[in-house]
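Encoded as C-alpha cells, the structure appears first; notes follow it.
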Amino acid sequence: MTATTFSCHTKKQKVDLIVYNAHVYTVDESFSVKDCFVINEGMILDVGTKSDMLKRYDAKQSVDMDGKFVYPGFIDAHCHFYGYAHSLLEANLAGTKSFTEVLYVLSEFYKTRKPLWIKGRGWDQNDWEIKEFPEKSRLDSLFPSNPVLIIRVDGHAALANSAALKIAGVNANTKVSGGIVETVNGKLTGILVDNAIELVNKYIPDYSDKEISKVLINAADNCFGVGLTSVGDAGLDKRIISMMDSMQKKGTLKMKVYAMINPTEENLNTYMYFGRYKTPYMNVRSVKLFADGALGSRGACLLKPYNDSPENCGLMVTTVDSLKKICELAFKYGYQVNTHAIGDSAVRTILNIYAQYLKTSNDYRWRIEHSQVVSPEDINKYGKYNIIPAVNMVHATSDMYWATDRLGEERIKYAYAYKNLMKENGWLCNGSDFPIENINPVYGYYAAICRKDLNGFPEFGFQKENALSRIDALKAMTIWAAKSFFEENEKGSIEQGKYADFVVLDKDILSIPENEIPTAKVLMTYINGHKVYSAVK
C-alpha cells in the first residue's frame with residue numbers, strides 16, 4: 001500500500017483522501033463490493049470505481065490498497081471498555097490453569113506494583129483441573145496484611161481474603177439482596193457472588209483521573225489494533241462518561257463510545273431527565289440494568305434448578321419493582337433499556353416487563369443483553385415487541401465445555417441460539433463482553449459462523465444449527481451494531497454521508513477457509529478519515 005499526492009485539477013472537486021485499488025465490502029443495503037471511495041472532512045463523500053472517482057475528485061492524499069480488504073469499522077455492541085482500561089492497572093488472571101497459578105500471578109504483580117489493595121480479574125475455575133470455587137486460606141497465607149479482591153472472569157463472583165473482608169465488615173452472618181456471601185460450616189470461604197462483591201469493592205480506593213486517562217488511551221490503542229472503531233460500554237457513571245467526553249473533545253481519546261448509564265440517581269439526574277446527549281464520539285441515550293448473574297458462577301436465574309446443583313435456580317440481582325421503575329422512567333424520557341439477562345427465568349421476566357411498556361410493534365430498540373438461555377415458549381416475544389437480542393457470539397464457544405453440565409442435555413438446546421433469535425426481527429447485534437473475552441472482534445465473527453474455539457474444536461461445531469452466515473455475522477458487528485445504537489445513518493457501512501470509519505485486513509474473512517479467519521490481521525484502522533492504527537509503524 002502506498003500513499004501519493006495528486007496534482008490539482010480545476011474541474012475536479014477537492015477532497016482530503018481517496019482510497020483505491022481496494023476490495024471494499026460496503027455493507028450497504030445490497031451488500032455491494034466496490035474498489036474505491038472518497039473522503040472529505042471526515043465523511044465518506046462518494047463510493048464507486050477507481051476510474052470514475054479519480055476523474056471527478058482531486059485529493060490531497062490517495063492510498064493505494066494494493067487489493068487489500070476494506071470493511072466498515074468494527075463495532076462492539078456490548079463490552080466494558082472502561083472496565084478493560086481499568087484492568088490494565090490490575091493483575092491479569094485470564095488464562096490461569098490453577099489456583100496455584102493465580103497466586104503466582106498475584107505475587108509477581110505485588111512485587112512490581114506494591115499496591116496497598118491487591119486487585120485482579122480473569123480467573124475461571126472451569127479452566128482448572130479442580131473445577132470448584134477457591135477459598136481464601138492460601139490467599140491469607142500469601143497476603144496476611146494486604147487486602148485482596150480477585151474477580152472471576154464474568155465479573156459475577158469474586159474471592160476476597162480475610163484482610164479485605166475485615167475492612168468491609170463482612171462476617172458469616174452478612175446477608176445481601178441479590179448476592180451470596182458463601183460460608184461452609186459457618187465460616188467464610190471468601191467467595192462473594194453478584195451483589196455481595198460490592199460489599200468489599202466499595203472500599204477499594206479509586207485510581208486518579210490521570211491514571212484512568214492514561215489507561216483509556218492505552219485501551220483505545222489496543223482496540224484500534226484489532227479494528228474496533230466504536231464500542232458500546234455496558235454500564236458507566238457520570239465521572240467516567242464526563243472524562244471520556246472531555247478527552248474526546250480534546251482529541252486525546254479517539255474511540256467512539258455508546259455509553260449505557262448505570263441507573264444511579266446521579267446518572268438519572270445528569271443524563272436521563274435531560275434527554276439524550278450526542279456528539280460525534282459520545283452517545284448517551286440508554287440505561288443498563290441487571291436482572292440476574294452468570295451461568296459460570298451459577299448465578300443466572302433459571303426456571304428449573306441447575307443440572308449440576310439441584311438445589312439452586314440462580315438468583316435475580318435486582319428486584320422486579322426496581323426494574324419496572326427504571327423501565328417506566330426510560331420509556332417516559334425516551335431512553336433505550338438494555339438489560340443483562342442470561343437465565344431463562346430472567347429472560348422471561350425482562351421480556352414480560354418490556355412488553356408492559358412496548359405493547360406492540362415499535363422502534364424503541366430495547367435490548368436484552370446476552371439472551372443466553374431462552375425458553376422456546378418465550379422466543380417469539382422478541383419479534384412481537386421488537387426486542388433486540390444483544391448477544392455475545394464468542395460466549396457460546398467459551399462456555400460450551402461446561403454449559404451442558406449446568407443446563408442438562410435438553411435445556412442446552414435452547415441456549416446460545418443466535419440464529420433462532422436473529423430470525424425474530426431479522427437482525428441482532430454482537431459484542432464480545434470484553435474484558436470477559438478477548439477484545440478482537442474477528443474472534444466473535446469466527447465463533448458466530450463456525451461455532452468452534454480457536455483450536456477448531458469441536459470438529460463439526462457446537463450446536464452448528466445456530467451458526468450465522470458470514471454476511472450476517474459481519475453485519476452483526478457493523479451495520480446492525482450501529483443500528484442497536486440508533487446510529488445506522490452515520491456509521492456501520494461505507495456509504496455516502498457516513499463517517500469514514502473503516503478497517504483494512506490482510507485477508508478476506510468473507511471467503512477464506514474457516515480455520516484461517518482468526519489469523520486475519522488488521523493493517524490499518526481509520527476513524528473519521530484519520531488513521532488511528534497502522535501495522536507498519
Side-chain angles (χ1 to χ4, degrees), residues 77-78 80 82 177-178 195 231-242 244-245 256-279 281-292 301 316-341 345-371 378 380-390 424-425 427-429 431 480-490:
H78 176 117
H80 301 276
Y82 169 64
S177 176
N195 290 351
V231 292
D233 201 321
L236 289 173
D237 291 322
K238 177 186 176 182
R239 177 196 177 201
I240 302 305
I241 295 173
S242 297
M244 288 180 178
D245 186 37
K256 295 182 178 181
V257 178
Y258 186 76
M260 308 176 203
I261 63 171
N262 291 316
T264 65
E265 279 302 315
E266 181 180 45
N267 285 342
L268 298 178
N269 286 320
T270 303
Y271 299 107
M272 185 182 287
Y273 299 155
F274 291 92
R276 305 161 188 164
Y277 178 76
K278 182 77 168 70
T279 75
Y281 285 84
M282 177 65 69
N283 192 355
V284 185
R285 60 171 298 161
S286 65
V287 60
K288 169 71 184 303
L289 305 180
F290 279 91
D292 64 345
C301 193
M316 293 289 285
V317 300
T318 310
T319 66
V320 171
D321 285 345
S322 296
L323 292 167
K324 285 182 178 179
K325 177 185 176 183
I326 300 300
C327 287
E328 183 176 355
L329 288 171
F331 191 77
K332 177 180 179 180
Y333 290 101
Y335 262 55
Q336 180 189 45
V337 182
N338 302 331
T339 307
H340 165 118
S345 179
V347 170
R348 177 175 291 180
T349 298
I350 298 305
L351 286 168
N352 290 339
I353 291 174
Y354 281 11
Q356 294 177 31
Y357 300 96
L358 304 179
K359 298 186 186 303
T360 184
S361 181
N362 64 84
D363 194 35
Y364 292 113
R365 305 184 198 179
W366 286 16
R367 301 174 16 170
I368 295 185
E369 309 302 306
H370 312 300
S371 294
D378 295 320
N380 70 303
K381 296 173 187 174
Y382 285 87
K384 183 177 181 180
Y385 302 108
N386 297 120
I387 295 166
I388 309 309
E424 287 299 309
N425 291 293
W427 67 284
L428 47 61
C429 59
W480 290 345
K483 188 176 180 179
S484 78
F485 297 168
F486 296 87
E487 294 179 343
E488 71 272 24
N489 293 323
E490 63 182 72

### Any donor-acceptor N/O pair, N425 side chain to P389 backbone, under 3.5 Å
no
## Note on the structure
Between L289 and C327, the two heavy atoms sitting closest are CD1-SG, 4.3 Å
### Task
Using side chain to side chain contact (heavy atoms under 4.5 Å, CB included) as the criterion, list what pairs up with R276, not counting sequence neighbours.
R285, Y335
### Task
Identify, with sequence neighbours excluded, every residue that meets ring pair (Phe, Tyr, Trp, His ring centres under 6.0 Å) alongside F331.
Y364
### Full working for side chain to side chain contact (heavy atoms under 4.5 Å, CB included) between I368 and T339
CA-CA 5 Å; I368 295 185; T339 307; 5.5 Å; no
### Query
Just by distance, do the side chain of S484 and the backbone of A481 share a donor-acceptor pair under 3.5 Å?
yes
### Task
Evaluate the side-chain proximity of L323 to M316: yes if any heavy-atom separation is below 4.5 Å, no if none is.
yes
### Task
Could you name each residue pair satisfying salt bridge (Lys or Arg N to Asp or Glu O under 4.0 Å) that touches residues 356-368, not counting sequence neighbours?
D363-R365, R365-E488, R367-E369
#### Entry: Y382: ring pair (Phe, Tyr, Trp, His ring centres under 6.0 Å) partners, not counting sequence neighbours
none
### Message
K278: which residues meet the side chain to side chain contact (heavy atoms under 4.5 Å, CB included) condition with it, sequence neighbours left out?
### Response
N283, E487, E490
#### Entry: Residues in salt bridge (Lys or Arg N to Asp or Glu O under 4.0 Å) contact with K381, at least two apart in sequence or another chain
D378
### Short side-chain to backbone donor-acceptor contact, T318 and F290, under 3.5 Å
yes
### Query
So do the side chains of V337 and I350 get within less than 4.5 Å of each other, counting heavy atoms only?
no
### Query
What pairs with T279 under side chain to side chain contact (heavy atoms under 4.5 Å, CB included), at least two apart in sequence or on another chain?
D245, K249, Y277, Y281, M282
### Query
Sequence neighbours excluded, which residues qualify as side chain to side chain contact (heavy atoms under 4.5 Å, CB included) partners of E328?
Y357
### Query
Who are the side-chain hydrogen bond (donor to acceptor under 3.5 Å, both in side chains) partners of Y82, not counting sequence neighbours?
none
### Query
With F485, which residues qualify under ring pair (Phe, Tyr, Trp, His ring centres under 6.0 Å), at least two apart?
Y258
### Task
List for me each residue that meets salt bridge (Lys or Arg N to Asp or Glu O under 4.0 Å) alongside K288, sequence neighbours excluded, and say none if there are none.
none
### Task
Would you confirm whether Q336, through its side chain, and S286, through its main-chain N or O, come within 3.5 Å as a donor-acceptor pair?
no
### Message
Under the rule for ring pair (Phe, Tyr, Trp, His ring centres under 6.0 Å), what residues qualify as partners of H80, not counting sequence neighbours?
### Response
H78
